[in-house]
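All heavy atoms count here, side chains included; hydrogens, waters and symmetry mates do not.
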Amino acid sequence: MKKSFKVLLCVLTLIVAFSFSASAIVPYATFTYNINGDTLESPHAYVPDRVIDSAFMNLAVDMNDPKDLFVDANGNIYIADTKNNRIIVCDSQFKPFMFLDSFVNTEGVYDSLLAPSGVYVTEEFIYVADTDNYRIVVFNIDGTFSRIIEEPKADVFPEGHIYKPIALAVDRAGRLYVVSSTTHYGIITLYSDGTFMGFLGAQKSSLSAWDIFWRMFRTAEQIARSEKVVPTEYNNITIDKAGFVYATTNSLDKGAMRTAILGKSVEGTYAPVKMLNNEGTDVLNRTGFYPPSGEVPTAIGNMNGGTAGEVSSVTDVALGPNGMWSLFDSLRQRIYTYDEQGKLLFIFGDNGTQIGQLQNCSSIVYHGTDLLALDVATDSITVFKRTDYGDYIATALQNTIDRKYDTAIDYWKSLLQRNSNLDQAYVGIGDSLYREYKYEEAMEYYEASFDTAAYSDCFKQLRKQWIEKYILIIPVVVIVVCFVVSKFFKYANKVNKEGYKMKEKRSLKEAFLYGFHVIFHPFDGFWDLKHEKRGNMKGALLIGAITIAAFIYHGMGKSYIFAPNNMGVNIVAEIAGLLTPYLLWCIANWCLTTLFDGEGSFKDICIATAYAVLPLPLILIPATMLTNIIVAEEASLITLLINFGWIWTGFLLFFGMMVTHDYSLSKNVLTSLGTLVGMAFIMFVGVLFSGLLTKLFSFFYNIYVELSYRI
């Protein structure tokens, strides 16, 4: 009995183990990217449910190289079975009930499809991109033949142009948007009767730096004869209920695309996915950490496999419920899903042969809450089912769309309990609080998700409230500040005027305040600085100390909007970073001017250089203060101020050296350029020497270790 019981228990265990659905095994990681482009694992939003192949659909002729999927409003599934020259129509359970392959055309002649690559369905018609017949065939929704839309005729098409439709979409007015694999001028737009309307969303040409360089040496005739660069073409298309066209391309210049992603560009010039309005303008929202382009090329880690650092090859886009949409990266066989604001929600999928992995997916489409992926390599459809985690995301998004912000907050908080790495949950809570005018609370969540743009919007509203509350105090404060600054400069001017009297020694106060005369009157200021001894090394050291303090304050005192990743300042590194170029300039300039009859000593150069940098702290300190009262849209003001400070300093340094050494303008230009070269040479020698010392130390240390072991 005991043996029988053990055997029975083993059998039951094996039965239970093998009875688990394959969907319980998820052969890929689900993750997102943070603001630095690092991967953050998350719960699975979609898991593989089943694989639909020809055997499952009980097809008499197996699918062969299927290229496109479409799901209509009733949940019916349309498959472009390309090499079998047919369209398979299935119900929501993947049971075929109609095949579109042959028909009798309007001339009463037997006709058939040839390598159809795209299909689109409206309430009345089924549109088929009959690729190798160079036309579009339209069927009634019941499968009966309706009409043929032949190749459009227009003068804008060049001689010898080949029309080869591979994907299409139709808006509510019946206008057709056709992607032709051999057309590089944009999406072909046709009226409902097939008349040519125009091109939509023409891509810009992508020229490499090498091509641009060689173009400068070519004649117009040579360029016309040999130039092969044409605007990049689209490869897939779909359309939403509002009539916005989503188009994808994978033929963009990879370098330009990488730059756009890492630069977090909100423009669509080098975007692999565009959302085009009727005028062809890209209106896709790109408000996430990175624009919706698939892979972030800085990302590293085991979830990127061997393709880390490469941009995505986007081949399809699918529009889902609740404002979600997905793009497909054929390089990694991976699906990237975003919300309607272009913020990343989750990434899943992988290249492989296990259930849930893909090998050569040609099309993705939403089927209710499920996501279908058509794999050409296996001639099958993988069904991905949305999990509870995915349901929570969808419900949170829908509540936000429906303006049920309190309910949305509850769902976002529940999501944070499941995945604290979901930055979009923090953003979602912040958005809901913002719409309820709870700006301070919203700012906390935006700060947690590094959403500086939204944080800035909240701060702008708070600043507006603060200004309305203290409208009478603000002008008083401004007047007081202007009065204090004016009094200080008047006092400095008074001290400087009294300093015209010859003295053997200048006090620290006199030497420091003379810097304010130098920065406004550089020619006579630097002359008196050297010949009348109006400044000294003590004043120069004080200015240097103030400059260092200003840079440290600038690193620590900027607001969150301007320094979201502010981890503090390494004071030693900051001091070294300022003193090194200062000393290099002084040493290189002294070495060079000594050989070219310069009249300034090393001390004169050090003093003049220190006085020349005084504008930097004078501008850097108030600019840093301003970061705490301005918003992101006004950031150009800070950039303008700081750039002005550097230009002012450069101007003073140049003319300070000219006056100090009594050089002509041309000679000073040459010595200034030579000084920069000398700085680079000194750095090179220093690095070389330090490397040599390191090797010597390592050599003697190894000898010491060897002797210590032997003794």
* Establish, yes or no, whether a centroid distance under 6.0 Å links the rings of Phe289 and Tyr33. => no
* Checking Lys274 side chain against Ala271 main chain: does a donor-acceptor pair fall under 3.5 Å? -> yes
* Quick check: are there more than 12 heavy atoms from other residues, nucleotides or ligands sitting under 6.0 Å from CE of Met537? -> yes
* Asked: Taking all atoms of both residues into account, what is the closest heavy-atom pair of Ala610 and Val613, and its distance?
  -> O-CG2, 3.0 Å
* Asked: For Glu436, what residues pass the salt bridge (Lys or Arg N to Asp or Glu O under 4.0 Å) criterion, not counting sequence neighbours?
  -> Lys438
* To do: Spell out, as yes or no, whether a donor-acceptor pair under 3.5 Å connects the side chain of Ser698 to the backbone of Lys695.
  => no
* Asked: Under 3.5 Å, side chain of His661 to main-chain N/O of Gly600, donor-acceptor pair present?
  -> yes
* Asked: Side chain of Asp604, backbone of Ser601: donor and acceptor closer than 3.5 Å?
  -> yes
* **Exercise: identify the closest heavy-atom pair between Val296 and Gly37** => CG1-CA, 4.0 Å
* Apply side-chain contact (heavy atoms from CB on, under 4.5 Å) to Ile473 and list each qualifying residue two or more places apart in sequence or on a separate chain. => Tyr470, Val477
* Asked: Given side chains that start at C-beta, do those of Phe516 and Tyr611 come closer than 4.5 Å, heavy atoms only?
  -> no
* Asked: In Å and rounded to the nearest 0.5 Å, what is the CH2 to CE distance from Trp585 to Met679?
  -> 7.5 Å
* Looking at Phe31 versus Phe346, is the centre-to-centre ring distance below 6.0 Å? -> no
* Kindly say whether the aromatic ring centers of His517 and Tyr514 come within a distance under 6.0 Å. => yes
* Could you grab the distance from atom CE of Met443 to atom CG of Asp457, nearest 0.5 Å is fine? => 11.0 Å
* **Pairing residues for Asp329 by the salt bridge (Lys or Arg N to Asp or Glu O under 4.0 Å) criterion, not counting sequence neighbours** => Arg332
* Asked: What's the spacing between Tyr704 OH and Leu707 CG if we round to 0.5 Å?
  -> 9.5 Å
* Structure fact -> From the list Tyr446, Tyr426, Tyr560, ring-ring contact (aromatic ring centres under 6.0 Å, His included) with Tyr455 holds only for Tyr560
* Do Pro615 and Trp646 come within less than 4.5 Å of each other through their side chains, counting heavy atoms only? -> no
* **Side-chain donor/acceptor of Thr609 to backbone N/O of Cys606, under 3.5 Å** => no
* Neighbour count above 12 (heavy atom, 6.0 Å) for Ile571 CD1 -> no
* To do: Evaluate the salt bridge (Lys or Arg N to Asp or Glu O under 4.0 Å) criterion for residues Lys343 and Asp451: first the C-alpha distance (whole Å), next the side-chain angles of each, then the deciding distance (0.1 Å), finally the verdict.
  => CA-CA 11 Å; Lys343 294 175 180 176; Asp451 193 338; 3.5 Å; yes
* To do: Write down the atom of Ser456, the atom of Ala632, and the distance for their closest heavy-atom approach.
  => OG-N, 2.8 Å
* With a cut-off of 6.0 Å (strictly less than), are more than 12 heavy atoms of other residues, nucleotides or ligands near NZ of Lys254? -> yes
* So, do Tyr439 and Gln465 sit near enough that their side-chain heavy atoms are less than 4.5 Å apart? -> yes
* Asked: Are Thr675 and Asn589 linked by a side-chain donor-acceptor pair shorter than 3.5 Å?
  -> yes
* **Lys464 atom NZ, neighbour heavy-atom count above 12 within 6.0 Å** => no
* Structure fact -> Closest non-hydrogen atoms of Ile546 and Pro617, given as atom of the first, atom of the second and distance, are CG2-CB, 3.9 Å
* Asked: Is the shortest heavy-atom distance from the side chain of Tyr663 to the side chain of Leu670 under 4.5 Å?
  -> no
* Given the side-chain rings of Phe655 and Phe523, with only the six-membered ring counted for Trp, is the space between their centroids under 6.0 Å? -> yes
* To do: Would you name the heavy atoms of Arg286 and Pro291 that are closest together and state the gap between them?
  => CD-CB, 3.9 Å
* Is there a donor-acceptor pair closer than 3.5 Å between any side-chain N or O of Thr580 and the backbone N or O of Gly577? -> no
* Asked: If you count the non-hydrogen atoms of other residues, nucleotides and ligands that lie under 6.0 Å from CD in Glu440, is the total more than 12?
  -> no
* Asked: With no hydrogens and no angle check, do the side chains of Asn285 and Glu340 hold a donor and an acceptor under 3.5 Å apart?
  -> no
* Glu498 bridged to Arg534 by N-O distance under 4.0 Å -> no
* Kindly give the heavy-atom pair with the smallest separation between Glu599 and Lys530, and that separation in Å. => O-NZ, 3.0 Å
* With no hydrogens and no angle check, is any side-chain donor or acceptor of Tyr445 less than 3.5 Å from a backbone partner on Leu433? -> no
* Any chance CZ of Phe596 has more than 12 other-residue heavy atoms, nucleotides or ligands included, within less than 6.0 Å? -> no
* **Spacing of Lys538 atom NZ and Phe512 atom CZ [to the nearest 0.5 Å]** => 14.0 Å
* To do: Would you check, one step at a time, whether the test salt bridge (Lys or Arg N to Asp or Glu O under 4.0 Å) holds for Glu441 with Arg435?
  => CA-CA 11 Å; Glu441 296 178 47; Arg435 293 183 178 98; over 6 Å; no
* Under 4.5 Å between any side-chain heavy atoms of Ile519 and Trp648, yes or no? -> yes
* Distance in Å, Thr32 OG1 paired with Ile347 CD1, rounded so as to fall on 0.5 Å steps -> 7.0 Å
* Structure fact -> Rounded to the nearest 0.5 Å, the CG atom of Leu665 sits from the CE atom of Met658 at a distance of 6.0 Å
* Taking atom CZ of Phe681 as the centre, does the number of heavy atoms from other residues, nucleotides or ligands within less than 6.0 Å exceed 12? -> no
